[in-house]
Amino acid sequence: METKRWFVDIDKPMAKVIEEAASLIKGGGLVAFPTETVYGLGANGLDSQAVEKIFLAKGRPSDNPLILHIAQIQEAFFLASDISPQARILMERFWPGPLTLVLPSSKHIPARVTAGLNTVAIRMPNHPVALALIRQAGVAIAAPSANRSGYPSPTSANHVWEDLAGRIEGIIDGGATGLGLESTVLDMSGQVPLILRPGGVTREELASVLGEIQVDPGLKDWRTTPRSPGMKYVHYSPRAQVYLVEGAPTSLVPKLKKLLDDYTIQGKKVGLLFTEEMWRDLGQVKSAYHKDLGSRRDLGRIAHVIYDELRRCDQAGVDIILTETYQEEGLGAALMNRLLKSAGYRIVNF
Ligand code: TXA
Ligand code: MG
């Protein structure tokens with residue numbers, strides 16, 4: 001299949017592109033589009049056969065449900081059978097934005113979308129292209145991140161192209177996404193709100209509205225199965241092996257230098273993704289690829305570039321990627337969740 005690529009400037013009219021892309025979606029095809037978090041791979045969310053194609057194109061495990069994307073709060077009342085007053089408050093407060101709500105599913109949702117669960121995940125993205133596409137298609141758009149399953153999520157149309165060209169009808173190229181990490185998935189179907197996946201809307205922000213809130217214990221403890229099917233798989237992983245390094249600078253720096261020497265002796269190519277502060281401590285070292293991620297204090301910037309940098313390491317042909325750990329506060333919770341998964345939970349404590 002030939003994959004179309006449309007370029008849009010989000011400050012300029014884009015009606016023609018949106019019309020063409022929406023008609024492909026209405027016709028049962030797959031179109032990737034930018035959101036404020038990562039690129040999504042969209043299909044008509046009420047069409048089982050179209051949704052099935054998402055799983056095939058991505059190589060996605062069939063028990064992993066999809067998020068339905070909407071453009072108006074009203075649409076959630078068609079997709080969910082029960083919306084609590086608290087859920088309604090969250091929609092008003094955080095939509096459009098990087099918050100996905102898991103709610104009891106209505107009878108209109110194909111089992112392919114929910115993977116047979118009795119809940120459905122819904123979000124309203126905060127991106128002009130995504131919103132225009134959903135409105136023009138006139139249906140909820142089912143969209144996972146537009147990467148091959150297991151690989152880091154796409155934050156640019158090039159990433160989508162690398163992973164899915166020839167497997168989908170089209171890609172709307174709206175430039176790099178803003179946030180760079182996925183939405184927070186919050187289960188509002190039980191007694192207490194439960195974070196199933198940390199993301200763009202932080203736990204602290206949610207707690208300020210909800211008061212009581214819990215985090216799925218399965219996210220931290222590998223012996224407990226996560227509640228969200230998508231969180232149990234290897235994910236966000238480049239081909240290279242990722243290790244997270246941490247420790248006080250006085251012990252970390254000499255040990256890290258020794259480790260890099262050992263890798264050189266073994267003929268291993270290494271990629272280094274470190275913050276400004278770490279580079280200051282480390283000074284100059286030899287590596288096949290290196291990047292200054294900026295200050296540790298600017299988690300937003302790190303989140304914005306991290307998936308791209310993991311992919312760049314792969315392009316540089318490195319065998320091993322070393323990167324840092326962060327405090328799990330604010331956006332740091334989402335960043336660490338993704339890094340830990342991409343590293344298969346390997347932390348080297350120096
Ligand atoms: O930012 C995002 O959320 C992006 C953009 C494209 O919107 N989408 C995204 O979709 O990250 P995906 O499919 O890569 O991740 C969706 C996550 C998965 O972990 C999935 O298991 C979970 O949401 N999920 C979906 N429906 C669910 C449900 N009914 N119950 C529990 N978890 C659910
Ligand atoms: Mg994904």
Side-chain angles (χ1 to χ4, degrees), residues 30-43 45 51 54-55 57-71 79-81 94-106 109-127 129-131 133-134 140-155 159-160 163-164 172 174 177-190 194-201 216 218-219 225-237 303 307 334 337-338 341-342:
L30 303 184
V31 175
F33 59 95
T35 80
E36 82 281 31
T37 58
V38 300
Y39 273 74
L41 178 59
V51 169
I54 290 180
F55 288 85
K58 280 187 57 113
R60 183 178 177 100
S62 61
D63 69 343
N64 194 0
L66 302 173
I67 298 171
L68 289 178
H69 294 68
I70 61 176
L79 304 173
S81 64
F94 295 105
W95 283 1
L99 176 65
T100 296
L101 298 177
V102 172
L103 299 163
S105 169
S106 78
I109 319 289
R112 213 68 200 81
V113 169
T114 61
L117 299 174
N118 55 16
T119 53
V120 61
I122 308 174
R123 104 171 179 99
M124 190 193 296
N126 187 14
H127 193 289
V129 171
L131 291 169
L133 184 66
I134 298 162
I141 295 187
S145 49
N147 52 289
R148 290 296 281 267
S149 224
Y151 212 54
S153 297
T155 52
H159 297 162
V160 181
D163 282 16
L164 297 174
I172 307 178
T177 59
L179 186 62
L181 297 178
E182 301 84 345
S183 65
T184 304
V185 180
L186 181 69
D187 187 350
M188 291 300 290
S189 70
L194 183 68
I195 294 179
L196 303 182
R197 177 178 74 180
V201 173
D216 179 6
L219 291 180
T225 306
R227 293 273 290 271
S228 179
M231 299 309 286
K232 68 175 184 273
Y233 297 106
V234 173
H235 211 332
Y236 318 110
S237 297
Y307 288 149
N337 171 266
R338 308 306 189 272
K341 294 211 72 164
S342 81

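If you're wondering where the values come from, they're calculated on a predicted model, not measured in any experiment. In listed order, ligands and their atoms are each counted from 1. The analysis underlying the following values was restricted to heavy atoms, covering all of them including side chains, and did not include hydrogens, waters or symmetry mates.
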Which ligand 1 atoms, with their elements, are less than 4.0 angstrom from a heavy-atom of [X]?
X    : result
S145 : 8 (N), 9 (C), 10 (O), 12 (P), 14 (O)
N64  : 18 (C), 20 (C), 21 (O)
A121 : 25 (C), 26 (N), 27 (C)
S183 : 1 (O), 2 (C), 3 (O)
I67  : 3 (O), 8 (N), 9 (C), 10 (O), 16 (C)

| query | Would P229 count as a contact of ligand 1 if the rule is a heavy atom under 4.0 Å away? | reply | yes
Will you find, in the side chains of [X] and [Y], an N or O donor that is under 3.5 Å from an N or O acceptor?
X    : Y    : value
S183 : T37  : no
E182 : S145 : no
T35  : R123 : yes

Among protein heavy atoms, which lies nearest [atom], and at what distance?
atom                    : answer
atom 31 (C) of ligand 1 : L196 CD1, 3.6 Å
atom 29 (N) of ligand 1 : T119 OG1, 3.1 Å
atom 23 (O) of ligand 1 : V185 CG2, 3.8 Å
atom 6 (C) of ligand 1  : G40 CA, 3.5 Å
atom 13 (O) of ligand 1 : R60 NH2, 2.9 Å
atom 24 (N) of ligand 1 : P65 CG, 3.8 Å
atom 7 (O) of ligand 1  : H69 NE2, 2.7 Å

Nearest non-hydrogen contact with [atom] belongs to which option: [options]?
atom                    : options               : answer
atom 15 (O) of ligand 1 : R197, H127, K58, E182 : R197
atom 32 (N) of ligand 1 : P104, G200, S228      : S228
atom 1 (O) of ligand 1  : T37, L41, D63, I141   : T37

| query | Counting only N and O atoms by type, is there a donor-acceptor contact under 3.5 Å from the side chain of R197 to the main-chain atoms of A334? | reply | no
| request: Look at the side chain of T184 and the backbone N and O of V201, then say whether any donor-acceptor pair between them is shorter than 3.5 Å. | output: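 Pair found, side chain donor or acceptor close to backbone of V201.
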| query | Cationic tip of R112 within the cone over F55's six-membered ring, i.e. under 6.0 Å and within 45° of the normal? | reply |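 Because its charged atom sits under 6.0 Å from the ring centre and within 45° of the axis, R112 does stack over F55.
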When only distance counts, is [X] in polar contact with ligand 1, meaning an N/O pair under 3.5 Å?
X    : answer
T35  : no
G230 : yes
R227 : no

Hey, could you give me the [atom1]/[atom2] distance between [X] and [Y], rounded to the nearest 0.5 Å?
X    : Y    : atom1 : atom2 : value
Y151 : H159 : OH    : NE2   : 9.0 Å
L117 : R227 : CG    : CZ    : 10.5 Å
L164 : N147 : CG    : CG    : 7.5 Å
N64  : S228 : CG    : OG    : 6.5 Å
N118 : I109 : CG    : CD1   : 12.5 Å
I172 : L133 : CD1   : CG    : 5.0 Å

| query | Measuring to the Mg ion (ligand 2), does S145 have an N/O/S atom at a distance below 2.8 Å? | reply |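 Yes, since at least one N, O or S atom of S145 sits under 2.8 Å from the Mg ion (ligand 2).
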| Residue part near ligand 1, for M124, under 4.0 Å between non-hydrogen atoms | neither
| request: Record the part of L117 in heavy-atom contact with ligand 1 below 4.0 Å; permitted values are side chain, backbone, both and neither. | output: side chain
| task | Using the six-membered ring wherever Trp is involved, compare the ring planes of H69 and F33 and label them parallel, tilted or perpendicular (cut-offs 30° and 60°). | result | perpendicular
